[in-house]
Amino acid sequence: MEKKIDRYTPATIEEKWRDRWALSGLHNTPDVSDKPNFYFLTMFPYPSGEIHIGHWYAFAPPDAAARFLRMRGHNVLFPMGFDAFGINAENAAIDRGIHPAVWTEKNMAHMRDQFNRMGAAIDWRREVVTCYPEYYRWNQWMFLKLFEKGLAYRGDAPVNWCPRDETVLANEQVIAGRCERCDTLVVRRQMTQWFYKITQYADELLKFEGLDWPERVRVLQTNWIGRSEGVELAFAVEGHVGDAIRFFTTRPDTIYGATFMVLAPEHPLVAKITAPAKQAEVERYVETARNMAEIERTSAEREKTGVDTGAFARNVFTGERIPIWVADYVLATYGTGAIMAVPGHDERDFAFAKKYRLEIREVISPDGKEHDRLDAPYIGEGSMVRSGPCSGMQSENGKKAVAEEAKKRGIGGPSVTYRLRDWLISRQRYWGTPIPIVHCERCGAVPVPYDRLPVVLPRDVEFTGRGGSPLTHVAAFVDTTCPKCGGPARRDTDTMDTFVDSSWYMYRYVDPKYDKGFMNKDLGKKWLPVQQYTGGVEHAILHLLYMRFMAKALRDLGELWFDEPALRFRYQGTIVFKGRKMSKSRGNVQTPDAYVEKYGADTLRLFMMFMGPWVDGADWDASGIEGVHRFLRRVWEMAQAEAQPPGPRDPDVDRAVHRTIAKVTEDLQTYSFNTAVAAMMELSNVLQHATGPSRDEGVSTLLLLLAPFAPYLTEELWERRGGRGSVHRQSWPAFDAAMAAAKEVTLVVQIDGKVRERIIAPAGISTAAAEDLALASPKVKAALDGRVIERKIVVPDRLVNIVTKQRS
RNA sequence: GCCGGCGUAGUCCAAUUUGGCAGGAGACAACUCCCUUAAGAGGAGUCCAGUGCGGGUUCGAAUCCCGCCGCCGGCACCA
């Protein structure tokens, strides 16, 4: 009797299970259970309004990995939320007159729904939304704590300004001179802003001990921090007692070749020391530099420019007067913003000296001899020449000698400089966390008392897109009284960088409603630190660095009991479309909706994981989606076929099943989703031609293996096959090495590396027996005719290679 | 310029960790045949590279080493 199997209609079964799972609370994670807790976190999205293909790629594979861990016996926390502050919402308000809060709320509602369609096993009871006052009040609380500790400070510095977004940016948000968000060329501005002192943790951030993070991310962070060892020295300025110029160098051994000094245009001493005759020229130069786009100014290709200040410094080591120049090839934001220029041994100084006819002197010689003319700077190490008492020393020793001498004279000593700058957190935008500071004419910058938090972002605001931050025009917000003296005062109208929000959100998920602190520590102790974190590699030196910093700062405030927020990190590559990054402005964003409708969420999930290695990303091309859909349809048919009549087991089928268990288990641990899917396809190909109990059991095992990948289909089939409870509550199939082991192997027989014969042999055959078997083969005998055997190499269960030479 | 990573059938990829049969693990596309349908589809099979190029190590190299070429990231006047 033929059993009639209905067609696989994903839309029906997916809707059915979405409802049932929601009702039964299948995805809710208890804080305590009989299983060990496991915190699996994936970077939360910005609520742009649409879950696109890139989101699927970021979320579907980790969801499968988290589901896998559940079946492996862990109590897995897999939360989701929204990084809900940010400039897009504000721009929507300006362009379309929708309030950012309304726009964001609408988008989140839509995206939650899309997440659920994807079948993501999210415990929504723990959702975190960063734009709610109950969340951002803890941003403010942390700010005040950091302020008390000196880890938050207000400083006047040259900062990155994005003219399009009309706000300052942190260094990490400037990519190749352009705004990370909108790609606009960034300019420098001198401004007083709030900073978080991430540089205090520079050395600790370089340590990755105990962290299972990809090499690539560690290298990116290490380079970004840019630790550099050297000495810091000071040269006195002629006629300006007490205004010595401090500078950093990694090559103190070249100090006898320092024939001039250079200050960055923003250096505070420039105005002070410039000779009256040069004043106009210097001012003009500084002004020009100030107005230059950052990218142009820092381009190494551009010809160097500068002006003489007319002032002189004294090179303590040579005793010479050396001119002080101003040039924009010296960066105000690195080291002390000043250098000793050694044109003989530095390419940049050499080019500058050539152009302005400054003295170029050789003080390091590769061969120990003095040379009169240098055609190019010599960058390497060597022996010191024309270096007074140090002459004849090797660079290596000279470095120490100079450092010691400087220390003795009290003008400097060993020093370490970092490329990393403090994190600028102020933003001149509305849709963010208000900085909890009040400016009083008498008391200065006064922190808002803890009991008056949160400082709530006013809702009633006009969005014109002109005249700076909308907050500055809201009198009800700005006008306040000083918490200290009670006099009239103004609130700080800047808001915090949204990366502040995301630097600690992982602590909030454990109990997002908790109102006695940023984290419910009793529950936090059961979950933290995060055991597995996933997300895009583009955050390697943004979010991931800030998040590590914040953990260390909170630890030092006594709020955390660990050093690192996430122990293991894995990233996904980027999905591009026709070789270009997907973005709204390019108008090439690919949406999943049509595919979900046609093939179902399970197919799209599976396809996302099948496209290729997850770390590699891919160029979006849906042409292969039919293949995975066909596979699911075959599983659908196979799992509902008549039960097999009783009969003998089939060891070949059993072996295929257990090898697949091993393969999928391993691949899920290493995030090799593509090969896991391939292995399941292979198994289904085997099962289709199998019979007997091995087939029935194999199909059940396949459903379990497939459950994390295709949660809807497997749940439906599990039910139809009379499975008890949810397939997602089942234990992961156990691997049986004995069943996976082959009883027979194919031995390849090579003669001089060329394959001549294949022999079926029992597995585990001894070396001697394998050799005998090979030599007994007629084909081998024929091939050996006229040759002498030199040696035999046997790889157990794989091959026999017979090395010969011509019989002489 | 510097630092990473990657080059395998028409396409996406596997085998690289641990050197051991590339009659490719899995797919897409194309083609042939079979079976079907209201339309979709389904099944069986065929086609297709010798691993970017050159050298080396080895009994044996896609895999290890060296040098080129190409592509993709990141950094880039950081003293």
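Order of the sequence lines sets the chain letters (A, B, ...), proteins ahead of strands, with each chain counted from 1. All figures in this text were calculated on a predicted structure; none of them were measured in a lab.
- Across all strands shown, A/Asn685 has heavy atoms under 4.0 Å from sugar-phosphate atoms exclusively, and none from any base.
- Using a 90° window around 0 for the glycosidic torsion, B/G40 falls inside it and is classed as syn.
- Helical stems in RNA chain B, defined as runs of 3 or more consecutive Watson-Crick or G-U wobble pairs with donor-acceptor distances under 3.5 Å: B:1-7 with B:69-75, B:10-12 with B:26-28, B:30-34 with B:42-46, B:52-56 with B:64-68.
- Close to B/A79, at under 4.0 Å from its OP1 or OP2, lies no side-chain N or O of A/Thr417.
- Checking the phosphate oxygens (OP1, OP2) of B/G20, no side-chain nitrogen or oxygen of A/Asn801 falls inside 4.0 Å.
- Using a 4.0 Å heavy-atom criterion, one finds that A/Thr746 contacts the bases of the nucleic acid, with or without backbone contacts as well.
- The A/Leu799 side chain lies nearest to B/G20 when the options are B/A41, B/C77, B/G20.
- Of the possible polar contacts, one joining the A/Arg361 side chain to the A/Tyr256 backbone as a donor-acceptor pair under 3.5 Å is found.
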Could you go over nucleotides 3-12 of chain B and give all protein N or O partners under 3.5 Å, atom names and distances?
residue	atom	partner	partner atom	Å
B/C12	O2'	A/Met611	O	2.9

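- Distance A/Gln688 CD to B/G42 C1': 10 Å, rounded to the nearest Å.
- Aromatic rings of A/Phe569 and A/Trp213 (six-membered ring for Trp) have centroids within the 6.0 Å cut-off, being under it.
- Taking atom P in both B/A62 and B/U16, the straight-line distance is 13 Å, to the nearest Å.
- Closest contact between the side chain of A/Ile793 and the listed nucleotides B/C13, B/G20, B/G26 involves B/G20.
- Protein atom OH of A/Tyr418 is 21 Å distant from nucleotide atom P of B/C75, rounded to whole Å.
- Of all nucleotides listed (B/A44, B/A14, B/C59), B/A14 comes nearest to the side chain of A/Pro613.
- Backbone-only contact: A/Leu220 has heavy atoms under 4.0 Å from sugar-phosphate atoms and none from a base.
- Residue A/Ala258 comes nearest to A/Ile322 through the heavy atom pair O-CG2, 3.6 Å, listed as atom of the first residue, atom of the second, then distance.
- When the C1' atom is compared between B/A14 and B/A27, the two are found 11 Å apart, to the nearest whole Å.
- Atom-to-atom, CE of A/Met681 to C1' of B/C28 comes out at 11 Å; the value is rounded to the nearest Å.
- Using a 4.0 Å heavy-atom distance criterion, A/Val262 is classed as making no nucleic acid contact.
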- Task: For A/Glu637 and A/Arg634, run salt bridge (charged side-chain N to carboxylate O under 4.0 Å, His left out): C-alpha distance rounded to whole Å, both residues' side-chain angles, the deciding distance at 0.1 Å, then the answer.
- Result: CA-CA 5 Å; A/Glu637 308 275 337; A/Arg634 273 200 295 271; over 6 Å; no
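- When atom types are taken as modelled, the side chain of A/Thr574 and the backbone of A/Val576 share no donor-acceptor pair closer than 3.5 angstrom.
- Side-chain contact check for A/Phe247 versus A/Val330: every heavy-atom pair is 4.5 Å or farther apart.
- When each of B/G42, B/A79, B/C75 is scored by its nearest atom to the side-chain atoms of A/Trp224, the top-ranked nucleotide is B/C75.
- Atom name P, nucleotides B/U51 and B/G4: the rounded distance is 27 Å, in whole Å.
- Here the separation of B/G10 from B/G54, taken at their C1' atoms, is 27 Å to the nearest Å.
- Remark: A/Arg630 is in phosphate contact with B/C28, judged by side-chain N or O atoms under 4.0 Å from OP1 or OP2.
- Heavy atoms of A/Arg302 sit under 4.0 angstrom from at least one base atom.
- When the nucleotides B/C28, B/A39, B/C13 are ranked by their closest atom to the side chain of A/Arg7, B/A39 comes out on top.
- Between the CZ atom of A/Phe352 and the C1' atom of B/A79 there is a distance of 14 Å, rounded to whole Å.
- Taking atom CD1 of A/Ile175 as the reference point, atom C1' of B/G73 lies 12 Å away to the nearest angstrom.
- Among the atoms of the strands shown, only primed sugar atoms or phosphate atoms (P, OP1, OP2) are found under 4.0 Å from some heavy atom of A/His689.
- Using atom P as the reference point in both B/C2 and B/A9, the two lie 30 Å apart (nearest Å).
- Between the side chain of A/Thr249 and the main chain of A/Arg251, a donor-acceptor pair closer than 3.5 Å is present.
- The A/Asn674 side chain lies nearest to B/C13 when the options are B/C13, B/G26, B/G43.
- Rounded to a whole angstrom, the distance from the P atom of B/C64 to that of B/U8 is 16 Å.
- Distance, A/Met608 CE to B/A27 C1': 16 Å, rounded to whole Å.
- Under the 90° criterion around 0 for the glycosidic angle, B/G50 counts as syn.
- Glycosidic conformation, B/G23: syn, with the torsion inside 90° of 0.
- Minimum atom distance to the side chain of A/Ile541 is reached by B/C75, of the listed B/C75, B/C77, B/G20.
- Looking only at side-chain heavy atoms (C-beta outward), A/Thr603 and A/Tyr595 stay at 4.5 Å or farther from each other.
- A/Gln750 comes within 4.0 angstrom of a base, heavy atoms only.
- For A/Ala678, whose side chain is taken as the heavy atoms from C-beta onward, the closest listed nucleotide among B/C77, B/A25, B/A79 is B/A25.
- Distance from the side chain of A/Thr675 is smallest for B/A25 among the nucleotides B/A27, B/A76, B/A25.
- Distance check on atom P: B/C47 versus B/U32 gives 15 Å, rounded to whole Å.
- Checked against a 6.0 Å centroid threshold, the rings of A/His539 and A/Tyr571 do not count as neighbours.
- Checking B/G26, B/G43, B/A79 against every side-chain atom of A/Glu682, the shortest atom distance belongs to B/G26.
- One can place CD of A/Glu303 at 17 Å from P of B/C77, the figure rounded to the nearest angstrom.
- Atom P of B/A29 sits at a distance of 10 Å from the matching atom of B/A41, rounded to the whole Å.
- OP1 or OP2 of B/G74 has not a single side-chain nitrogen or oxygen of A/His539 nearer than 4.0 Å.
- Taking the side chain as every heavy atom from C-beta outward, A/Ile255 and A/Leu233 approach each other to under 4.5 Å.
- Interface remark: the A/Lys792 side chain does not form any donor-acceptor pair with the B/C59 base, using a distance-only criterion of under 3.5 Å.
- Among the atoms of the strands shown, base atoms are found under 4.0 Å from some heavy atom of A/Arg419.
- Looking at A/Thr675 and A/Ser672, their side chains never bring a donor and an acceptor atom within 3.5 Å of each other.
- A donor-acceptor pair shorter than 3.5 Å can be found between the side chains of A/Tyr599 and A/Glu626.
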- Let me see the working for A/Arg659 and A/Glu682 under salt bridge (charged side-chain N to carboxylate O under 4.0 Å, His left out), right down to the final yes or no. CA-CA 11 Å; A/Arg659 287 196 167 167; A/Glu682 196 178 354; over 6 Å; no
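- A straight line from CZ of A/Arg251 to P of B/C77 spans 20 Å, rounded to a whole angstrom.
- In this structure, A/Tyr418 contributes its side chain and A/Trp224 its backbone to no donor-acceptor pair below 3.5 Å.
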